[in-house]
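Worksheet for the structure shown next.
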Amino acid sequence: MHNQEIAWALAEMANLLEILGENPFKVRAIRKGAMVIEGLETPVSVLSVRGQLAKIDGIGKGLCAEIEELLQAGESRQLQRLREKVPPGVLDMLQLPGIGLRAVRTFFAEGYTTLEELEEGARKHRLRLLPGIAAKTELAVIRGVELLRRRSGKFGLGVARPLAEELLRFLQNLPEVSRAEITGDLRRSQEMVEEIHLLAASQEPAAILDLVKKHPMAAKQLAEDETFVRFAFAFGLPVRIEVTGESDFIARWVETTGTAQHWAALQSRGARPAKASNGVAGGQQGSSTECRAAAESDEGDWRRFISTQEAEEVFYEKLHLPWIPPELRETGKEVAQAEAGELPDLVELGDILGDFHIHTNWSDGVSSLEEMVSAGRSRGYAYMAITDHSQSLAVARGLSESKLREQHRTIRQLAAREKDFTLFSGIEMDILGDGRLDYADDILREMDVVIASVHTGLRQERHKVHTRLEAALKNPHVDIIGHPTGRLIGTREPYDVDIDWLLDLAAKTGTILEINSSPDRLDLSAPHARLAKERGVMIAINTDAHDRARLSEMAYGVANARRAGLEKDDILNTKPLAEVKKILARPKG
DNA sequence: GCCGTTTTCGGCCCGACTGTTTTCAGTCG
């Protein structure tokens, strides 16, 4: 079982216990345990073998036993008992924004056990007859069900990508498979995907499919034919494993990576799908010829001869096009752009030199200051900013002014010991509900980096939201606006902000906007980040990491920036230290 | 359920906003 699967099982257990009225502190402890497991870098199974499970902070005797059972049996008896008591639809109700525990308990007690029943009750104005429920709650139910419906059957990048990579390793390790790659929506780094699509090349496709079908991971088979098998993987996420002959691989990879529009644009330039009638797949003259030639040379190990990406470049070359990055293969218009030589030179993960949004256990982070710094160093960063929460965000143990100054003294001491690595002292300061900022200018002046973020009053009217953001953007000490729209993908709508207004103000004031890399946020979204580039607004790609492991989420932020067409020069944290310092020090407009 | 002990049970992040009522509990972050 994966760490995330175990975390989800524990979180589900916490939710079920909560609905059944269990001690809230127990519920919170289990929920915290789930979070801790999710943030671990080492597989829980490894820690279990080493006997290190109980040493983890937040995992005690009870959770340890629960986790061991999940690892060994793949399920938990306690969880199964709880599931028998509470129908799954009731758990879903907890996901509805504005609907909390009390309301869910009321609905459950009145016999509502599915979202459909609940929605019907809301639409027919029957819910308002229940104690403590009124018209506004009915509206929240109807809106919430619509939100969940849009999300249903879709999985965030943060879940799908790691699982896909694990399956990919499995395929690549099979001796009969000459190459395997991720394709489809996931290769284009879409925010939500409906399935993992993997493509493998083999001289014995039927044998590979047989092997995959017999593997325990493919137990819940959904569909199959002679070219693919589709099964439900962890969390029920559908996986499609498709096997082609080696000569068809590249054409099929291109065909399945881009949208239908992208493929159509390529076809109009002569691209032929795999398994074309003449038996030759690929571009005008059959790009696969080279691939096959490569395969037949070098004693079959053509990976050494020509890399998969190079082979894809050959495919595009045959169409007289430069290689088009997967993240851009969307509308088909990128093909004309490519032809005109107007494709952006997209930012890459390797261009990233630092991270400007990092939490530690001084506020609501899990890892210590020292752990975050060493994790940043081992990622090869040149600089990093520590930005814990500010005083008003009490739930996140935000720092009082004196605590903030104490932290900064600690950071300076730590920074003085670091060579070839710069540690900035910063803060993620709350933009308060009434438009005030959480600290006065005299303390903000002492900071190397100030991120200003909205965490409260997310349902305010637009003019109020604008007043607040305006105060932050116009403040001479605010460098970056954190997660600028406040959305949580599939869970929470953004607050009411006119993005054009925001971008204009950012451009005018020289305020940097964040791409928050968390796969739950990706905020700015790719379309918004694209607009930001057009207005000349600088972007910082930050992780907002609360533990060491999540520093790696930078990859999602970079993928999002690539979908927006951003280049290295558009991004603050690709720039060398001297330039970063200059940018942070420049007077704002 | 976890933690930290003043080792064996008590404490566990909290303040603002919102919805439902009519003075406060639920919900959110």
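Heavy atoms only: backbone and side chains are in, while hydrogens, waters and symmetry mates are out. Given the structure is predicted, the values throughout are model-derived calculations rather than measurements. In the text below, chain A, chain B and the rest are named by the order of the sequence lines, each starting its count at 1.
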Rounded to whole Å, the CD1-P distance (A/Ile99 to B/dT20) equals 9 Å
How would you label the glycosidic angle of B/dT21: syn (within 90° of 0) or anti?
-> anti
When all nucleic acid strands are considered with a 4.0 Å heavy-atom cut-off, which category describes A/Ala103: base, sugar-phosphate, or nothing?
-> sugar-phosphate
Considering only atom P, compute the distance from B/dC13 to B/dC17 and round it to an integer number of Å.
-> 22 Å
Base, sugar-phosphate alone, or nothing: which one does A/Asn23 contact when heavy atoms must sit under 4.0 Å apart?
-> base
Between atom CD in A/Gln391 and atom P in B/dA16, what is the gap in whole Å?
-> 12 Å
Whole angstrom is fine here: how far is it from CG in A/Leu432 over to P in B/dC17?
-> 10 Å
Between B/dG29 and B/dT23, how far is it from one P atom to the other, in whole Å?
-> 28 Å
Base, sugar-phosphate alone, or nothing: which one does A/Arg128 contact when heavy atoms must sit under 4.0 Å apart?
-> nothing
Closest listed nucleotide, where the reference is the side chain of A/Ala394 and the choices are B/dG1, B/dG15, B/dT20 | B/dG15
A/Asp388 has an atom CG; how far is it from atom P of B/dG29, in whole Å?
-> 20 Å
Grab the NZ-C1' distance between A/Lys464 and B/dA16 for me, whole Å please.
-> 13 Å
Roughly how many Å is it from CG in A/Leu458 to P in B/dG29, rounded to a whole number?
-> 6 Å
Spacing of A/Met93 atom CE relative to B/dT27 atom P, expressed in whole Å | 14 Å
With the threshold set at 4.0 Å, does a side-chain nitrogen-carboxylate oxygen contact exist between A/Lys32 and A/Asp57?
-> no
Tell me what A/Ser392 touches on the nucleic acid: a base, only sugar-phosphate, or nothing, going by heavy atoms under 4.0 Å.
-> nothing
Any idea which heavy atoms bring A/Ile515 and A/Ala529 closest together, and the distance?
-> CD1-CB, 3.9 Å
B/dT7 and B/dC14: how far apart are their P atoms, nearest whole angstrom?
-> 24 Å
Using the C1' atom in both, what is the distance from B/dG15 to B/dT22, to the nearest Å?
-> 23 Å
Determine the contact category for A/Lys32: base if any of its heavy atoms lies under 4.0 Å from a base atom, sugar-phosphate if only primed atoms, P, OP1 or OP2 are that close, otherwise nothing.
-> nothing
Rounded off to whole Å, could you give me the CG-to-P distance for the A/Leu20 and B/dG1 pair?
-> 14 Å
Tell me what A/Pro97 touches on the nucleic acid: a base, only sugar-phosphate, or nothing, going by heavy atoms under 4.0 Å.
-> sugar-phosphate
Distance-only donor-acceptor check, side chains A/Ser392 and A/Asp430, under 3.5 Å = no
Would you indicate what A/Gly433 reaches in the nucleic acid, counting non-hydrogen atoms under 4.0 angstrom: base, sugar-phosphate, or nothing?
-> nothing
Pairwise distance CZ(A/Arg548) to OG(A/Ser378) - rounded to 0.5 angstrom = 6.0 Å
Can you tell me which residue pairs pass the ring-ring contact (aromatic ring centres under 6.0 Å, His included) test with a partner in residues 475-520 of chain A, sequence neighbours excluded?
-> A/His455-A/His483, A/His466-A/Trp501
If the P atom of B/dG1 is compared with that of B/dT5, how far apart are they to the nearest Å?
-> 22 Å
What does A/Arg102 touch in the nucleic acid at a heavy-atom separation under 4.0 angstrom: a base, only the sugar-phosphate, or nothing?
-> sugar-phosphate
Side-chain ion pair, A/Glu138 and A/Arg126, N-O less than 4.0 Å | no
